[in-house]
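Positions are given from 1 along the sequence. Every heavy atom of this structure was used, including side-chain atoms; hydrogens, water molecules and symmetry mates were not. Ligands are counted one by one from 1 in listed order, and the atoms in each one are counted from 1 as well. Keep in mind the model is a prediction, meaning the values are calculated, not measured.
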Amino acid sequence: MSHEAILWERLSPDDLRVRCNLCAHRCVIPSGKLGACCVRENRDGTLVTLVYERAISQHIDPIEKKPLFHFQPGTRSYSIATAGCNFRCAFCQNWEISQLPRQSQTSEAHGTQAGGQGGGGAGGMERQAQVREIPGSAARPADIARAALRNGCASISYTYTEPTIFAEYALDTARAAVGLGLKNVFVSNGYMTPELLELMVGLIHAINVDLKAGRGEFYHKISGADLKPVLANLKTIRRLGIWLEVTTLVIPGLNDSDEELRWVASYLLNELGPDVPWHVSRFYPQYQMSDVPPTPAATLARAWQIGREAGLRYVYVGNLPGHESESTLCPSCGTVVIERTGYNVRFRGLRDGACARCGTAIAGVEMRGER
Ligand code: SF4
């Protein structure tokens with residue numbers, strides 16, 4: 001169903017064009033057209049979202065799958081998504097749903113570059129609104145929140161596709177969840193505007209941001225976007241007091257050089273501090289990059305080493321179940337405080353959020369253990 005969008009403005013009172021201020025593309029959309037994500041439409045000078053209460057996916061996941069290792073560890077998170085994304089990553093793992101609205105468009109971009117900071121390509125072009133019905137099941141925010149509680153979840157995650165593009169739905173669901181004592185999580189490419197981040201305070205308690213690379217060129221070519229807003233948002237998220245973890249998918253030949261990994265690790269350390277967890281994840285051939293081999297385990301070990309040598313306290317290798325770096329070690333004495341094997345979590349040396357051996361606090365939110 002369509003629903004009036006948040007964070008938009010008319011260009012002028014006598015102009016039906018609107019600017020969407022939900023993500024850094026800041027699309028300028030003429031009447032009857034869609035934004036670059038293909039799920040927001042200008043209807044006679046009013047911006048509407050086409051994915052409100054259109055859940056395309058609902059699952060119960062371990063919070064570790066997001067991945068969040070320092071936020072309510074060992075709990076379950078009710079996970080939802082709608083179709084659509086503001087990026088067009090060539091390696092997307094969920095491209096069947098993230099790119100569905102874009103692929104449904106029978107006409108390609110019409111050549112008017114959107115306003116704002118957005119990168120080139122499909123990420124910054126207006127689209128013809130030819131398909132108005134976005135696939136998905138009607139699921140109301142209050143019902144999702146109740147389902148999460150009924151299934152023993154501690155949080156709701158807005159995930160699988162980019163939650164920024166379904167922010168109205170996510171924030172209404174988050175509001176219902178907070179009313180039931182649940183927390184809320186974004187798993188995001190970090191391309192939202194600062195205005196949206198401000199609206200998330202008090203509703204969204206943790207974000208995992210996918211920092212895909214340390215070079216703007218990668219973002220332009222592979223994702224159709226710009227790196228700078230993502231870097232700025234990492235700092236804003238910290239400043240707003242939302243728990244942050246960062247994931248980098250390490251892709252052979254694209255972002256796996258020592259130089260680039262060092263740049264990312266140094267940025268995290270210098271701008272966000274040593275307690276921000278960094279997940280270096282294994283790439284598997286996907287979507288338009290099915291000819292690229294999986295990331296070798298040795299490359300991931302090198303990325304882990306680079307993160308630790310830079311001074312980050314919590315670095316994890318992801319998508320490689322059983323790898324020894326899945327566990328959380330006390331940054332002071334090296335004791336294993338949370339042992340993980342895949343999604344199996346054991347609190348071994350953690351007491352009241354601190355190392356049971358030396359008492360060093362372990363960074364995070366609702367870190368548990370023996371009491
Ligand atoms: S791509 Fe971003 S700015 Fe453009 S319409 Fe979608 S959410 Fe709005």
| request: Taking the six-membered ring for Trp and the single ring otherwise, decide whether the centroids of Tyr191 and Phe87 are under 6.0 Å apart. | output: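 Between Phe87 and Tyr191, which both carry aromatic rings, the centre distance is below 6.0 Å.
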| query | According to the interplanar angle, ranging from 0 to 90°, do the rings of Phe91 and Phe283 count as parallel (below 30°), tilted (30 to 60°) or perpendicular (above 60°)? | reply |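 Plane angle over 60°, so perpendicular.
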| task | Using the six-membered ring wherever Trp is involved, compare the ring planes of Tyr316 and His70 and label them parallel, tilted or perpendicular (cut-offs 30° and 60°). | result |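 The arrangement is tilted - the two ring planes meet at 30° to 60°.
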| Checking only N/O/S atoms, does Cys37 have one that is under 2.8 Å from atom 6 (Fe) of ligand 1? |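 Here the distance criterion (N, O or S atom, under 2.8 Å) is met by Cys37, so yes.
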| Can you tell me how far the OH atom of Tyr78 sits from the NE2 atom of His59, to the nearest 0.5 Å? |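 It comes to 9.5 Å.
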| task | Would you indicate which of Arg26, Arg40, His25 comes nearest to atom 7 (S) of ligand 1 when only heavy atoms are counted? | result |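 The option holding the nearest heavy atom is Arg40.
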| request: Could you tell me whether any N, O or S atom belonging to Cys23 is less than 2.8 Å from atom 8 (Fe) of ligand 1? | output: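 For Cys23, the answer is no, given that no N, O or S atom comes within less than 2.8 Å of atom 8 (Fe) of ligand 1.
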| task | Please could you name the atoms of ligand 1 that Gly35 approaches to less than 4.0 Å, counting only its heavy atoms? | result |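 Every atom of ligand 1 under 4.0 Å from some heavy atom of Gly35: 5 (S).
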